[in-house]
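What you see is a predicted model, and the numbers here were worked out from it, not measured in a lab. We name chains A, B, ... by the order of the sequence lines, and we start the count at 1 in each one.
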Amino acid sequence: MAQKPGIPKGTRDFSPSEVQKRNYIFGIVRKHFETFGFQPIETPSFENSETLMGKYGDEGDRLIFKILNSGDYLKKVDEATYGAKDAGKMTPKISEKALRYDLTVPFARYVVMHQNEIDFPFKRYQIQPVWRADRPQKGRFREFFQCDADVVGANSLLQEVELVQLYDAVFTDLKLEGATIKMNNRKILSGIAEVIGAQDLLIDFTVALDKLDKKGEEGVKKEMSERGLSAQAIAKVEPLFSLSGSNLEQLQALKKMLKDSEIGTKGVEELQFIIETVEELGLQSANLAIDVTLARGLNYYTGAIFEVAAPKGVKMGSIGGGGRYDDLTGIFGMKDVSGVGISFGLDRIYLVLEELNLFPQEIDQSLQVLCLNFGDKESQAALKLVTELRKNGIKADLYPSSAKINKQFKYANNRNVPYVISIGSQELQDGEFTVKNMQSGEQVNYALSTPRVFIENL
RNA sequence: GUGGUUGUAGCUCAGCUGGUUAGAGCGCUUGAUUGUGGUUCAAGAGGUCGCCGGUUCGAACCCGGUCUUCCACCCCA
């Protein structure tokens with residue numbers, strides 16, 4: 001019995017029109033990456049486990065897909081480890097490779113390994129799939145594409161400014177108006193933790209704060225308390241919850257709150273510089289907003305933090321994120337290389353564009369011209385014409401068999417073909433071909449000897 | 001990883017407290033129309049009811065397991 005085939009949880013097949021739409025997004029993202037001076041690289045789908053493990057926290061380690069060793073992998077496991085049935089101890093012995101979890105860590109590895117060939121500052125972009133053993137939900141997959149652009153070896157805050165512009169350029173080109181680029185700075189978060197006397201609970205503090213929009217003020221306070229923050233510290237956080245107004249007003253409030261913290265003040269200054277410079281240059285369609293509750297999970301960020309929210313009314317997790325990390329390559333032994341980068345979540349952007357109906361109409365036009373097949377003799381002339389059209393870069397095809405004309409037209413209709421050409425016995429006799437505009441229904445005849453006239457009218 | 005939810009025709013979904021041959025709309029095929037699609041009319045094809053097992057005289061329906069979907073945690077693109 002043939003069994004019903006299936007695909008693993010959280011993976012998808014892409015049909016022709018889906019691939020075309022995805023390529024449309026890839027194309028726009030790539031175009032702007034390149035106009036901003038980024039160069040492409042690619043890294044392997046899987047890395048050595050030690051490259052990835054421990055870089056994303058305990059939670060991240062759990063979500064990394066491990067690859068089983070080849071051969072009789074259990075032979076190398078000693079009895080004690082085997083008997084203990086401890087996955088944490090066993091895994092490193094039976095799995096030495098893992099699928100990449102994001103593009104940033106492999107990039108850091110790349111920079112360290114190729115440091116002698118790279119001209120710094122190095123601006124690279126990378127568009128490749130990543131894998132996470134997460135539980136799928138809407139917009140969360142186990143295999144999805146990330147489009148990353150990072151700059152390493154440049155400390156200037158102008159990089160952050162450019163990255164905001166890059167976000168804006170891509171979303172504008174995609175006609176996705178009203179995306180909000182939320183910004184924060186890790187130094188501000190550190191500063192707040194310092195001011196409220198909870199430096200050693202920085203991570204717990206930020207994780208709890210990050211949930212403000214979801215859980216509300218009371219929920220966040222409760223979680224902070226559960227995570228060990230003192231009532232006194234929580235009281236001092238209070239002003240953050242009511243932080244509102246324009247970016248400038250928020251900056252003023254933060255400045256005041258953090259005046260006694262050196263690092264906090266530095267963070268506010270950085271944020272202010274980026275925001276003022278961006279505002280000076282202007283954005284085309286995106287909004288830039290301060291969000292002090294923005295924390296993001298990855299601990300390697302040290303400066304600016306970005307996250308992009310879809311336009312209002314679309315229920316979707318963030319469609320992009322990024323930030324500055326002063327010491328990413330440090331974990332691989334290369335000190336003092338600062339990096340800053342952003343990422344586009346292709347799969348989520350796809351869902352947003354689909355929901356807002358923002359894909360251009362002509363994307364589904366895989367064929368511009370279909371020649372009908374009226375039989376052997378007629379199709380010879382048709383094939384000649386098709387060949388000529390193809391030489392001129394027109395997507396043209398001849399229907400492969402002389403099926404009923406009715407059926408051939410239906411096929412053209414379903415494939416969204418704008419022009420259908422008929423060369424039947426009548427046309428052949430007159431040395432012509434008939435072009436039907438499928439939208440208007442109009443038919444025009446052209447001489448078979450001068451297809452150029454038709455091509456120019458297209 | 002925890003708790004819940006979903007699965008019936010290619011698609012979107014009905015299907016009563018378990019009871020004969022499991023339904024609709026759209027799509028598909030054929031014909032009206034052997035050289036004209038997107039409209040109309042008629043006919044037709046298409047289903048191991050996610051999968052495995054159990055209860056029962058009898059299961060799409062009840063029970064257990066499993067896979068999948070989506071949701072809330074967790075985390076995140």
Exercise. So does A/Lys436 reach the base of B/G37 with its side chain, donor to acceptor, closer than 3.5 Å?
Worked result: yes
Problem set entry | Distance between P atoms of B/U68 and B/C57 (Å, rounded) | 35 Å
Problem set entry | Any N/O donor-acceptor pair, A/Gln137 side-chain to B/U69 base, under 3.5 Å | no
For this session: Using the C1' atoms only, state how far B/U29 lies from B/G19, rounded to an integer number of Å.
Result: 35 Å
Problem set entry | Exceeds 12 heavy-atom contacts within 6.0 angstrom, atom NZ of A/Lys395 | yes
Exercise. Please give, in whole Å, the distance from B/A77 C1' to A/Leu176 CG?
Worked result: 15 Å
Seminar exercise, completed: Comparing nearest nucleotides in RNA chain B, the 5'-proximal residue of the pair A/Thr11, A/Gln146 is A/Thr11
For this session: Could you state the atom-to-atom distance from CG of A/Asn445 to P of B/G35 in whole Å?
Result: 17 Å
Problem set entry | Opposite nucleotide pairing with B/C49, Watson-Crick or G-U, both atom distances under 3.5 Å | none
Problem set entry | Partner nucleotide, any strand, of B/C28 [Watson-Crick/G-U, under 3.5 Å] | B/G44
Problem set entry | Euclidean distance, atom NZ of residue A/Lys9 to atom C1' of B/C71 [Å, nearest integer] | 14 Å
Problem set entry | Which nucleotide in B/C74, B/G38, B/G35 has an atom nearest any side-chain atom of A/Thr434 | B/G35
Exercise. Atom CZ of A/Arg132 to atom P of B/G1: distance rounded to whole Å?
Worked result: 17 Å
Exercise. Nearest-Å distance, CZ (A/Arg22) to C1' (B/A77)?
Worked result: 12 Å
Exercise. Are side-chain N/O atoms of A/Tyr301 and A/Asn184 paired as donor and acceptor at under 3.5 Å?
Worked result: no
Exercise. Can we say A/Lys55 and A/Glu47 salt-bridge, meaning some charged N sits less than 4.0 Å from an Asp/Glu carboxylate O?
Worked result: no
Seminar exercise, completed: A/Asp213 CG to B/A72 P, in whole Å, measures 13 Å
Seminar exercise, completed: Rounded to whole Å, CG of A/Asp204 lies from P of B/C75 at a distance of 10 Å
Problem set entry | Nearest-nucleotide pick for A/Lys214, side chain only, options being B/C73, B/A72, B/G37 | B/C73
For this session: Would you mind reporting whether A/Leu176 and A/Ile319 have side-chain heavy atoms less than 4.5 Å apart?
Result: yes
Exercise. Base, sugar-phosphate, or nothing: which does A/Asp347 touch, judged by heavy atoms less than 4.0 Å apart?
Worked result: nothing
Problem set entry | Polar side-chain contact A/Asn413-B/G38 base: donor and acceptor under 3.5 Å | no
Problem set entry | Distance below 4.0 Å between A/Asn414 side-chain N/O and B/C28 OP1 or OP2 | yes
Exercise. Hey, does the side-chain of A/Arg140 have a donor or acceptor N/O within less than 3.5 Å of a partner on the base of B/C75?
Worked result: yes
Exercise. Picking from A/Phe33, A/Tyr350, A/Tyr125, A/Phe26, what satisfies ring pair (Phe, Tyr, Trp, His ring centres under 6.0 Å) with A/Phe344?
Worked result: A/Phe33
Exercise. Counting heavy atoms not belonging to A/Asp58, are there more than 12 under 6.0 Å from its CG?
Worked result: no
Exercise. Do the side-chain N or O atoms of A/Lys407 get closer than 4.0 angstrom to the phosphate oxygens (OP1, OP2) of B/U29?
Worked result: no
Exercise. In whole Å, what separates the P atom of B/A59 from that of B/G4?
Worked result: 28 Å
For this session: For A/Lys404 and for A/Ser422, find the nucleotide of RNA chain B with the closest heavy atom, then tell me which residue's nucleotide is more 5'.
Result: A/Lys404
For this session: Please measure how far the C1' atom in B/G50 lies from the corresponding atom in B/C41, and state the result in whole Å.
Result: 38 Å
For this session: Give a yes/no verdict on base stacking between B/G35 and A/Phe374: centres under 5.5 Å, planes within less than 30° of parallel.
Result: no
For this session: If B/G37 has a Watson-Crick or G-U wobble mate with both distances under 3.5 Å, name it; if not, just say none.
Result: none
Seminar exercise, completed: The residue among A/Asp150, A/Asp148, A/Thr43 that forms side-chain hydrogen bond (donor to acceptor under 3.5 Å, both in side chains) with A/Gln126 is A/Thr43
For this session: Any strand is fair game: report the nucleotide pairing with B/A14 by Watson-Crick or G-U wobble, both distances under 3.5 Å, or none.
Result: none
For this session: Respond yes when some side-chain nitrogen or oxygen of A/Asn406 is under 4.0 Å from OP1 or OP2 of B/U36, and no when none is.
Result: no
Exercise. Which whole number of Å gives the distance between the C1' atom of B/C61 and that of B/G25?
Worked result: 24 Å
Seminar exercise, completed: To the nearest angstrom, the CG-C1' distance between A/Leu63 and B/C75 comes to 7 Å
For this session: For nucleotides B/U39 and B/U66, find the distance between their P atoms and express it as a whole number of Å.
Result: 48 Å
For this session: Kindly say whether, by distance alone, the side chain of A/Glu427 makes a donor-acceptor pair under 3.5 Å with the base of B/G35?
Result: yes
Exercise. Does the side chain of A/Thr434 come under 3.5 Å of the side chain of A/Glu427 through a donor N or O and an acceptor N or O?
Worked result: yes
Exercise. Side-chain contact, heavy-atom cut-off 4.5 Å: A/Asn437 with A/Tyr419?
Worked result: yes
For this session: Drop me the distance from A/Ile234's CD1 to A/Leu229's CG, to the nearest 0.5 angstrom.
Result: 5.5 Å
Exercise. With both distances kept under 3.5 Å, what pairs with B/A59, Watson-Crick or G-U wobble?
Worked result: none
For this session: Assign a letter to each nucleotide of nucleotides 2-12 of chain B from its 5' end: B, base within under 4.0 Å of a protein heavy atom; S, sugar-phosphate only; -, no contact.
Result: BB---------
Problem set entry | Between B/C70 and B/C26 - C1' atom distance, rounded Å | 24 Å
Exercise. Which value, in whole Å, describes the distance between the P atoms of nucleotides B/G65 and B/U2?
Worked result: 14 Å
